[in-house]
Protein chains: 2
Amino acid sequence: MKELIEKYREIGFKLTPQRLAILRFLKGNTSHPTAENIYRQIKEVYPTVSFATVYNTLQALVDRGEVTEVTIDSQKRHFDPYPKPHHHIICIECNKIGDVFKDYSDALKLPKNILKEFKPVRNHINFYGICRECQKIGGIKYGNMSKSRAGCREF
Amino acid sequence: MKELIEKYREIGFKLTPQRLAILRFLKGNTSHPTAENIYRQIKEVYPTVSFATVYNTLQALVDRGEVTEVTIDSQKRHFDPYPKPHHHIICIECNKIGDVFKDYSDALKLPKNILKEFKPVRNHINFYGICRECQKIGGIKYGNMSKSRAGCREF
DNA sequence: TACAAATTTAGAATTATTATTATTTAAAAA
DNA sequence: TTTTTAAATAATAATAATTCTAAATTTGTA
Ligand SMILES: [Mn+2]
Ligand SMILES: [Mn+2]
Ligand SMILES: [Zn+2]
Ligand SMILES: [Zn+2]
């Protein structure tokens, strides 16, 4: 925790108890929480925290590159507190999200005509497929839910 | 147009003038419009169309796999009427979106431990980088806009 | 032409996110 | 330690994208 506090103080990030609670929750977290997920968790330890503070803190962290956004769900923003670059697997039946820690950059050469006008900086892959549970139930359980609108669970 | 009408009638998609206007607008379109973009366009030719109809039609098309969703912008849903599978380039300065027609699937093998429980079906790559215009202006013009929240333009 | 089922529409409702502002507080200065 | 001040919090209002509702209309078919 000392490291955590030092780190943020150095970058001029004012540390409040609310923010510390959020930072502690996010540290080492490999899930992909929404602002609401985080809000609920933080309320357990800090019951008076407000939703606005969660949003403010998340935005501050995104601006500083400490947290990224995972763009997979058009309903709500999902955040990714895990710092190392990685890709994601998404179940097309139940919408669970998982991490893929493998760098494919060498294989991802853009066509020459695009490279003439576009300077790539980073890339991100979404692998869509069927998770273990959904393979078992053969898509029956979630088969009737609108795929594109279904809520996102986590692996 | 005859083919268009036939095609949808066959799959039991009831064709109204509103839907035809939308289908004509989307056909061969390689942009990534929001519901609002489409609504504005359709109103030009069909002034009494309602927003709900645009949303309804888009959802019907997505459900039938005729249109996909591009998950890049957490503010609004963007749709992709171009039928062939492809990837996208996104400018991190101005948020323009472009297409990449190249199949990388052979190079995108998932790690074995993931393949034990996840059956991949398809993949999608986002290439983030700097577009030609933004290279020219050196990021000054859009340099002060919040990257993650800026609106999306199109290539 | 008549019918049943699906679609359209306007407007209301919902919901995620952002903005406002008075109050509080962290951290630097004295 | 006390003071100071810029920044953060919290409650609430505002905004904006999307979905819902229900009555009227239209499509495709018999
Ligand atoms: Mn992740
Ligand atoms: Mn596209
Ligand atoms: Zn699943
Ligand atoms: Zn650009």
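Lettering of chains follows the sequences in order, A, B, ..., and the numbering in each one begins at 1.
Among the atoms of the strands shown, base atoms are found under 4.0 Å from some heavy atom of Thr53(B).
To the nearest angstrom, P of dA10(C) lies 10 Å from CD of Gln18(B). Remark: P of dA11(D) and NZ of Lys43(A) are 9 Å apart, rounded to the nearest angstrom. Rounded to an integer number of Å, the gap from CZ of Phe51(A) to C1' of dA14(D) is 16 Å. Put simply, CD1 on Ile5(A) is 13 Å from C1' on dA26(C), counting in whole angstrom units. Counting to the nearest Å, the P atom of dT17(C) and the CD1 atom of Ile38(A) are 11 Å from each other. The interatomic distance linking Tyr46(B) (OH) with dT9(C) (C1') rounds to 11 Å, in whole Å. For the pair Glu69(B) CD and dT18(D) C1', the interatomic distance rounds to 12 Å; values are reported in whole Å. Straight-line distance from the CG atom of Leu58(B) to the C1' atom of dT8(C): 15 Å, rounded to whole Å.
Counting heavy atoms from C-beta on, the side chains of Thr48(A) and Gln18(A) never come closer than 4.5 Å. You'll find the side chain of Tyr104(B) stays beyond 4.5 Å of the side chain of Tyr104(A), heavy atoms only. Counting only heavy atoms from C-beta outward, the side chains of Val100(A) and Pro111(B) approach each other to under 4.5 Å.
Out of dT17(C), dA27(C), dA10(D), the shortest distance to the side chain of Lys76(A) is found at dT17(C). Each of dA27(C), dA10(D), dA10(C) was ranked by its minimum atom distance to the side chain of Thr48(A); first place goes to dA10(D). The nucleotide whose nearest atom lies closest to any side-chain atom of Lys14(B) is, among dA10(D), dA8(D), dT27(D), dT27(D). Taking the side chain of Thr16(B) as heavy atoms from C-beta on, and the options dA8(D), dT9(C), dT7(C), the nearest nucleotide is dT7(C). Considering only side-chain atoms of Arg77(B), the nucleotide from dG28(D), dA10(D), dT18(D) that sits closest is dT18(D).
Salt bridge absent: Arg40(B) and Glu44(B) never bring a charged side-chain N and a carboxylate O closer than 4.0 Å.
Taking the six-membered ring for Trp and the full ring otherwise, Tyr46(A) and Phe25(A) have centroids separated by 6.0 Å or more.
Within the structure, every side-chain polar atom (N or O) of Arg19(B) is placed at least 4.0 Å from both OP1 and OP2 of dA6(C).
Residue Tyr55(B) is the one, among Tyr55(B) and Phe13(B), whose nearest nucleotide of DNA chain D lies closer to the 5' end (criterion: closest heavy atom). Take the nearest nucleotide of DNA chain D for Arg9(B) and for Val49(A): the residue whose nucleotide is more 5' is Val49(A). Comparing Glu36(A) and Asn56(A) against DNA chain C, the residue whose closest nucleotide sits nearer the 5' end is Glu36(A).
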